[in-house]
Amino acid sequence: MSLDLKGKGINTRVTHAGENPDNVYGSVGVPIYQTSTFKFRDADHGARCFSGEEQGYLYTRIGNPTTNTFEAAVAHLEHGYGGIATSSGMAAVSSIYMTYLGAGVHMVGTDAVYGSSRMVIETDFSRFGVEYSFVDTANLDEVRKAMRPNTKLLYIETPANPTIKLTDIAACAEIAHEHGALLVVDNTFMSPVLQNPLELGADVVLHSITKYINGHTDVVGGVIVTRTEAEFDRIKSVINGIGGTMDPHQSWLVLRGMRTLSLRVERGEQNAQKLAEYLESHPKIEWVRYPGLVSHPQHDLATRQMKGYGSMISFEVKGGVENGKTVLNNVKIPQLAVSLGGYESLIQHPASMTHANIPVDEREAAGITDGLVRYAVGTEDSADLLADLDQALAKI
Ligand SMILES: *Cc1c(COP(=O)(O)O)cnc(C)c1O
């Protein structure tokens, strides 16, 4: 007897999505099927499993019950046909590129996309003849202008990292489809709780589960969800061959972390809104970017396409890099580290860390200034986070 989640609220869905594959012992926790291979009842059964006539597990690179529970859960939360878990977020990104790009094929991407998602195109896929344009996808005219007859993929990240610029998902789906291309959205910053790109017309959505979905800063992984069976089959077949799949123990950890996703996201957002408002009113702050602020240039779009504003804030301290460093070196609660989406607050400096491999002119063009500080807000008490930031700013 499985619970029908149709029409249920997000907390119920996060708690119960994905069926427990154990029908032997009745375990409430999902078991870890720590096996590389599966035996067949007899030769005919093996043949039927391989031909696809009968559903069955063959080999863990192709499928595993623990991983499958996680995949089904995320597919449910993203309102998609099916999920494919990958060994890292970049394995998800690269497998999507591998599926849809090729020699003489063009892609259009968000300029301020996750650093490696751009680098792997510019330095690696370009070696195989892939053509690309990275543009400011927040500006739909730029997206339209960049589309060519051989464009097969429109790849966006919204909110983008670390500029917190948004891209209109529904409008991009329309542009992509008019040109016979697919729209892929990196939804890592929002998690399936706050944004569902497939419902807005996207064809494929992906997450680095290293961030919000796992949420405990102890696992690296990724997941892809497609809207249709056809796209699922295409990507799945590439991943089966390339081999960047998630292992059963990793899947179990992620599933465990994911059950508190909606709680963590809710608390993080409450904290972020308070911190952003505090920073905005602080005389030593040049500017703050957070979608929940009315001053965010795309606050209306955020309210329309997102179910909340998330917990990522970017800001610049007056006086540039030196004063920014004073804040980074004096905050006591957020740890100085890259990554985001864990229960704990993290702070970092993109120009010298996550985005250091992007040439300065491209970085500036994408809005990643040298003084920009990125704050990934965790689930601590907001009063403690505010007091901590206050004492660090007082050190300037
Ligand atoms: C971290 C991240 C990735 C890459 O994921 P890994 O799990 O580190 O491989 C991709 N996109 C975004 C937005 C990310 O934050």
Side-chain angles (χ1 to χ4, degrees), residues 70 74 78 83-98 107 109-122 124-125 134 137-138 153 155-167 169 184-195 197 202 204-225 239 242-247 250-251 253-254 257-258 261 264-265 268 291 306 310-314 337-342 345-348 350 353-358 366-368 372 374-378:
F70 169 63
V74 183
E78 283 288 16
I84 305 166
T86 53
S87 56
S88 69
M90 280 316 300
V93 174
S94 306
S95 302
I96 286 169
Y97 289 161
M98 196 69 89
M107 76 165 272
T110 302
D111 54 2
V113 78
Y114 182 74
S116 299
S117 303
R118 180 165 174 166
M119 192 192 67
V120 78
I121 289 287
E122 291 179 338
D124 298 306
F125 280 84
F134 286 100
T137 54
L153 179 67
Y155 181 94
I156 64 173
E157 189 178 314
T158 179
N161 172 31
T163 56
I164 322 289
K165 263 195 193 179
L166 311 187
T167 296
I169 298 171
V184 175
V185 181
D186 182 335
N187 200 24
T188 300
F189 268 40
M190 285 287 100
S191 92
V193 171
L194 296 185
Q195 182 168 271
V204 179
V205 58
L206 75 101
H207 293 270
S208 164
I209 63 87
T210 313
K211 318 297 164 54
Y212 291 97
I213 292 182
N214 179 60
H216 291 71
T217 325
D218 50 11
V219 178
V220 168
V223 68
I224 298 166
V225 179
I239 294 205
I242 299 286
T245 39
M246 188 178 272
D247 84 59
Q250 193 184 4
S251 303
L253 280 166
V254 173
M258 198 198 71
L261 175 64
R264 289 184 280 102
V265 163
M306 292 149 50
S311 48
M312 295 299 296
I313 301 176
S314 285
V338 302
S339 199
L340 58 126
S345 291
L346 299 177
I347 201 163
Q348 68 119 340
M353 297 174 184
T354 43
H355 293 68
N357 60 3
I358 302 174
I368 307 165
L372 187 153
R374 189 183 85 177
Y375 195 138
V377 184

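Just follow the structure's listing: the first ligand is 1, and inside any ligand the first atom is 1.
- Residues Ser87 and Gln250 share a closest heavy-atom pair of O-NE2, 3.1 Å.
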side-chain contact (heavy atoms from CB on, under 4.5 Å) between Leu340 and Leu346: does it pass, once the steps are laid out? CA-CA 7 Å; Leu340 58 126; Leu346 299 177; 5.8 Å; no
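- With respect to atom 6 (P) of ligand 1, the closest heavy atom belonging to the protein is Gly89 N, 3.4 Å.
- The protein heavy atom nearest to atom 15 (O) of ligand 1 is Lys211 NZ, 2.7 Å.
- At least one side-chain heavy atom of Met90 sits under 4.5 Å from a side-chain heavy atom of Tyr114.
- Closest to atom 5 (O) of ligand 1, if we only count protein heavy atoms, is Ser208 OG, 3.0 Å.
- Of the N or O atoms in Glu157, none lie within a sub-3.5 Å distance of an N or O in ligand 1.
- Without hydrogens or angle criteria, Thr167 side chain to Thr158 main chain gives no donor-acceptor distance under 3.5 Å.
- Partners of Ser117 under the side chain to side chain donor-acceptor pair (under 3.5 Å) rule, at least two apart in sequence or in another chain, do not exist in this structure.
- Using a 4.0 Å cutoff on heavy atoms, Val93 does not count as a contact of ligand 1.
- Scanning the protein for heavy atoms near atom 7 (O) of ligand 1, the closest one is Thr210 OG1, 2.6 Å.
- Contact of the Asp186 side chain with the Tyr155 side chain is registered, since non-hydrogen atoms from C-beta on lie closer than 4.5 Å.
- Among all non-hydrogen protein atoms, the one lying nearest atom 11 (N) of ligand 1 is Asp186 OD2, 2.7 Å.
- Look at Gly221 and you'll find a heavy atom under 4.0 Å from some atom of ligand 1.
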